[in-house]
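Side chains included, hydrogens not; waters and symmetry mates left out as well; all remaining heavy atoms used. Computed from a predicted model, the values in this text were never measured in an experiment.
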Amino acid sequence: MTGSETIRYTADVVALTPDGHVLLVERDWPPFEGDWALPGGHQDEGETSRMAAARELQEETGVPVEPDQLRAIGTWDQPGRDPRGRYSTDAYLAVVPTGTRIVAGDDARTARWWPLDGLPERLAFDHADILRAATALTA
């Protein structure tokens, strides 16, 4: 063994509406400060990734979902996906009603519904890949 690598676990949510919008947050902290990202964040002690995803969605956007309402999309754990170090994220899909009210909070400068055919030019981290995987599930 040549050393140890700390791996941090996160969870992200692709919240979609039936009319083709996705919920994104503008990051208020580095890395990718000012860029748009999926709501998500670190798992807390004692949480499953599904629990963390539901909590982070509510903390960052005010959108409540129960953990069992989240559909697993997959895991993204490519080394280098986060400039802070080694991160592995489990991504989940939540389908929420069109017109769901959002309120930015926690780590988000703002939260906004974006049309899937009019997304920001660049998304933080590998969130464009996660979003593509989520929309393929719903096609």
When clusters are formed by joining ILVMFWY residues with side-chain heavy atoms under 4.5 Å apart, either directly or through shared neighbours, do Leu131 and Phe125 land in the same one? no
Are Glu33 and Arg109 side-chain neighbours, meaning at least one heavy-atom pair lies under 4.5 Å? yes
Measure from the side-chain N and O atoms of Arg86 to the backbone N and O of Asp77, and report whether any donor-acceptor pair falls under 3.5 Å. yes
Least distance between heavy atoms, Ala104 atom then Ala111 atom: CB-N, 3.6 Å
Indicate, with yes or no, if Leu38 and Leu123 share a hydrophobic cluster defined by side-chain heavy-atom contacts under 4.5 Å among Ile, Leu, Val, Met, Phe, Trp and Tyr. yes
Could you grab the distance from atom CE of Met51 to atom CD of Glu66, nearest 0.5 Å is fine? 11.0 Å
Gap separating the CG atom of Asp82 from the OG1 atom of Thr10, nearest 0.5 angstrom: 7.5 Å
Verify, without hydrogens or angle tests, whether Gln58 (side chain) and Arg55 (backbone) share a donor-acceptor contact under 3.5 angstrom. no
How is the hydrophobic cluster of Leu57 composed, in terms of its other members, when Ile, Leu, Val, Met, Phe, Trp and Tyr link through side-chain heavy atoms under 4.5 Å apart, directly or indirectly? Val13, Leu23, Val63, Val65, Leu70, Tyr92, Val96, Ile102, Trp113
Side chains of Arg122 and Phe32: does their closest heavy-atom pair fall under 4.5 Å? yes
With a 4.5 Å limit on heavy-atom distance, are the side chains of His127 and Trp36 in contact? no
Considering all heavy atoms, the nearest Glu47-Ala52 contact: OE1-CB, 3.4 Å
Salt bridge Arg27-Asp35, side-chain N to carboxylate O under 4.0 Å: no
Within the 4.5 Å heavy-atom criterion, are Leu119 and Val22 side-chain neighbours or not? yes
Mind checking the CG-CD1 spacing from Leu93 to Ile73? Nearest 0.5 Å is all I need. 5.0 Å
Any donor-acceptor pair under 3.5 Å from His21 side chain to Trp114 backbone: no
Reference residue Val14; test side-chain contact (heavy atoms from CB on, under 4.5 Å); the match among Leu24, Ile130, Val95: Ile130
Roughly how far apart are Gln43 CD and Thr48 OG1, rounded to 0.5 Å? 7.0 Å
Just wondering, do Asp28 and Thr110 contact through their side chains at under 4.5 Å, heavy atoms? no
So CZ of Arg81 and OG1 of Thr89: to nearest 0.5 Å the spacing works out to 5.0 Å
Quick one: hydrophobic cluster around Tyr9, which other residues, with the 4.5 Å side-chain cut-off, linked directly or via members? Ile7
Only pairs at least two apart or in different chains count here, so list each side chain to side chain donor-acceptor pair (under 3.5 Å) that has a residue in residues 130-139. Asp129-Arg132
CZ (Arg84) with more than 12 external heavy atoms under 6.0 Å: yes
Would you compute the distance between atom CD of Glu60 and atom CG of Asp12 and round it to the nearest 0.5 angstrom? 8.5 Å
Do Thr61 and Val103 come within less than 4.5 Å of each other through their side chains, counting heavy atoms only? no
